[in-house]
Participant: 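Pasting in a structure now, in structure tokens, and then I'll have a few things to ask.
One-based numbering, in listed order, for ligands and for the atoms of each. All heavy atoms count here, side chains included; hydrogens, waters and symmetry mates do not.
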Amino acid sequence: MTTTFSPDEVTQFEHAVWSRCAKRYMDTFGVLTSEAIPALLDAANISEGSRVLDVGTGPGNAAGAVQERGSVVIGIDFSTAMLAEARQHYPDIEFKEANAADLPFKDGEFDAVISNLAVHHLGRPQQFLTEARRVLHDGGKVAFTVWADPTKLAAFGLFFAAMENHADTAELPHGPLFGVSDFNAFHKLLQEAGFRDSSVRELDIAWRLSSMESYLNGFEDWANMDALPNTLRKAIEADVRKAADTFKHNGEYVIPNPVILVSATR
Ligand SMILES: C[S@@+](CC[C@H](N)C(=O)[O-])C[C@H]1O[C@@H](n2cnc3c(N)ncnc32)[C@H](O)[C@@H]1O
């Protein structure tokens, strides 16, 4: 991953992708991303009575988990389609349409700002951290997860290897925090945004599936596979299914896809 994409190029690409994935996200990627939520909430010190902002909330699973801990939460996302899912799944939670780089909240409103697997999709992650600091009160916590080094992402790797085998693949736009494996880069970013006591660690999570259908549905939306010729699509799916067999034990697929968990104090 060497190309640098402009922030606007990233924003435009990510908006199209997640809006396309929204309908089936909860049953596809959401199954995997939810695995990181308990550790994320612990890193942000979320307990009863906290006031929390969930950025890039998607269908709202992290916000839902915050509410279960007895806290008040607001979720924001820039995709109308994702917010429709969030409101349907969590009707008691407030969700707002907004960009992570421009948070529509007053200074010092929150005890914690969290973001689960969204910050590497941002064209301007520094701007998000500056905004997160602004809306936190002194002593408040920021915590976010991003995907770990791509070579460790066995679950995503199944799809990308199959795509490379069968189709011409170009590097797609991605934010500057996708594929960063140097933990110092995160410490530096947080320090530059005015945070202290930063912590960065890898967290082992896995995509747990009873069949590969939901995995393939997720990537079908993500990669807009409907646009590919049917034979090509079938060949990619067959490759994925074959490679996934290595991860099947006692009728369940457990495919590792670790994250980096980052947190700091304002
Ligand atoms: C991979 S999904 C993660 C969703 C959810 N947090 C989860 O745990 O599954 C990334 C989400 O970030 C949102 N997103 C990406 N860029 C954004 C931006 N600049 N501002 C607000 N939301 C953004 C997308 O619309 C999408 O819902």
Side-chain angles (χ1 to χ4, degrees), residues 5-41 43-44 46 52-68 73-90 93 95-105 112-132 135 143-148 153 155-156 159 172-178 203 205 207 214 218-219 221-223 257 259-262:
F5 295 95
S6 82
D8 290 340
E9 210 174 351
V10 174
T11 304
Q12 214 174 10
F13 173 78
E14 298 289 355
H15 188 269
V17 166
W18 298 114
S19 298
R20 192 165 66 221
C21 289
K23 264 260 162 293
R24 299 200 283 187
Y25 186 95
M26 191 67 136
D27 297 325
T28 57
F29 295 109
V31 173
L32 169 63
T33 60
S34 290
E35 296 260 327
I37 292 174
L40 174 69
L41 269 50
I46 289 167
V52 182
L53 176 65
D54 178 26
V55 174
T57 192
N61 290 340
V66 169
Q67 193 186 43
E68 263 185 31
V73 62
I74 299 180
I76 70 121
D77 203 286
F78 72 170
S79 159
T80 313
M82 276 292 192
L83 289 172
E85 295 300 310
R87 289 182 181 121
Q88 191 189 324
H89 289 292
Y90 302 99
I93 295 180
F95 293 102
K96 278 191 180 186
E97 192 164 323
N99 196 305
D102 185 13
L103 299 175
F105 303 102
V113 175
I114 59 165
S115 184
N116 193 39
L117 294 161
V119 173
H120 53 279
H121 296 303
L122 305 179
R124 296 179 176 85
Q126 316 86 325
Q127 183 64 27
F128 157 65
L129 288 174
T130 303
E131 278 290 87
V135 301
F144 65 88
T145 50
V146 294
W147 293 118
L153 305 180
F156 288 175
F159 180 77
L172 298 169
H174 54 83
L177 293 189
F178 177 76
L203 180 70
I205 67 164
W207 204 337
S214 65
F219 275 108
D221 295 340
W222 187 86
N257 222 61
V259 304
I260 297 174
L261 172 58
V262 180

Participant: Any idea which protein heavy atom is nearest atom 8 (O) of ligand 1, and the distance to it?
Facilitator: N116 ND2, 2.9 Å
Participant: Under 4.5 Å between any side-chain heavy atoms of F78 and T11, yes or no?
Facilitator: yes
Participant: Can you sort out which atoms of ligand 1 are near A98, meaning under 4.0 Å from one of its heavy atoms?
Facilitator: 20 (N), 21 (C)
Participant: Could you tell me, atom by atom, which parts of ligand 1 come under 4.0 Å of a heavy atom of H121?
Facilitator: 1 (C), 10 (C)
Participant: Less than 4.5 Å apart, any side-chain heavy atom of N116 and any of N61?
Facilitator: no
Participant: Name the orientation class of the two ring planes belonging to Y90 and F95 (parallel below 30°, tilted from 30 to 60°, perpendicular beyond 60°).
Facilitator: tilted
Participant: Using heavy-atom distances, let me know which of F13, Y25, W222 sits nearest atom 3 (C) of ligand 1.
Facilitator: Y25
Participant: Nearest non-hydrogen contact with atom 5 (C) of ligand 1 belongs to which option: T33, T57, L32?
Facilitator: T57
Participant: Should the ring pair F29 and W207 be called parallel, tilted or perpendicular, given that the plane angle runs from 0 to 90° and is split at 30 and 60?
Facilitator: tilted
Participant: Within the 4.5 Å heavy-atom criterion, are L122 and L177 side-chain neighbours or not?
Facilitator: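 In short, these two side chains do not touch, never coming nearer than 4.5 Å.
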Participant: In the protein, what heavy atom is nearest to atom 20 (N) of ligand 1, and what distance, to one decimal place, separates them?
Facilitator: A100 N, 3.0 Å
Participant: Considering only heavy atoms of W18, which atoms of ligand 1 have at least one such atom less than 4.0 Å away?
Facilitator: 1 (C), 24 (C), 25 (O), 26 (C)
Participant: Do R24 and D27 have side-chain heavy atoms sitting under 4.5 Å apart?
Facilitator: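 Counting from C-beta outward, R24 and D27 never come under 4.5 Å.
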Participant: Below 30° counts as parallel, above 60° as perpendicular, anything between as tilted: where do the rings of F159 and W222 land?
Facilitator: perpendicular
Participant: When you measure from atom 25 (O) of ligand 1 to each heavy atom in D102, N99, D77, I76, which option holds the nearest one?
Facilitator: D77
Participant: Counting heavy atoms only, which part of N61 comes closer than 4.0 Å to ligand 1: side chain, backbone, both or neither?
Facilitator: neither
Participant: Any idea which atoms of ligand 1 are less than 4.0 Å away from a heavy-atom of S79?
Facilitator: 25 (O)
Participant: Below 3.5 Å, N or O to N or O, backbone or side chain included: is there any such pair between F78 and ligand 1?
Facilitator: yes
Participant: Indicate yes or no: at least one non-hydrogen side-chain atom of V66 is less than 4.5 angstrom from one of D54.
Facilitator: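 Side-chain contact under 4.5 Å: no.
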Participant: Given V10, L117, T145, which has its nearest heavy atom closest to atom 1 (C) of ligand 1?
Facilitator: L117
Participant: Would you compute the distance between atom CD of E85 and atom OG of S79 and round it to the nearest 0.5 angstrom?
Facilitator: 9.0 Å
Participant: List ligand 1 atoms under 4.0 Å from L122, heavy atoms only on the residue side.
Facilitator: 16 (N), 17 (C), 18 (C), 19 (N)
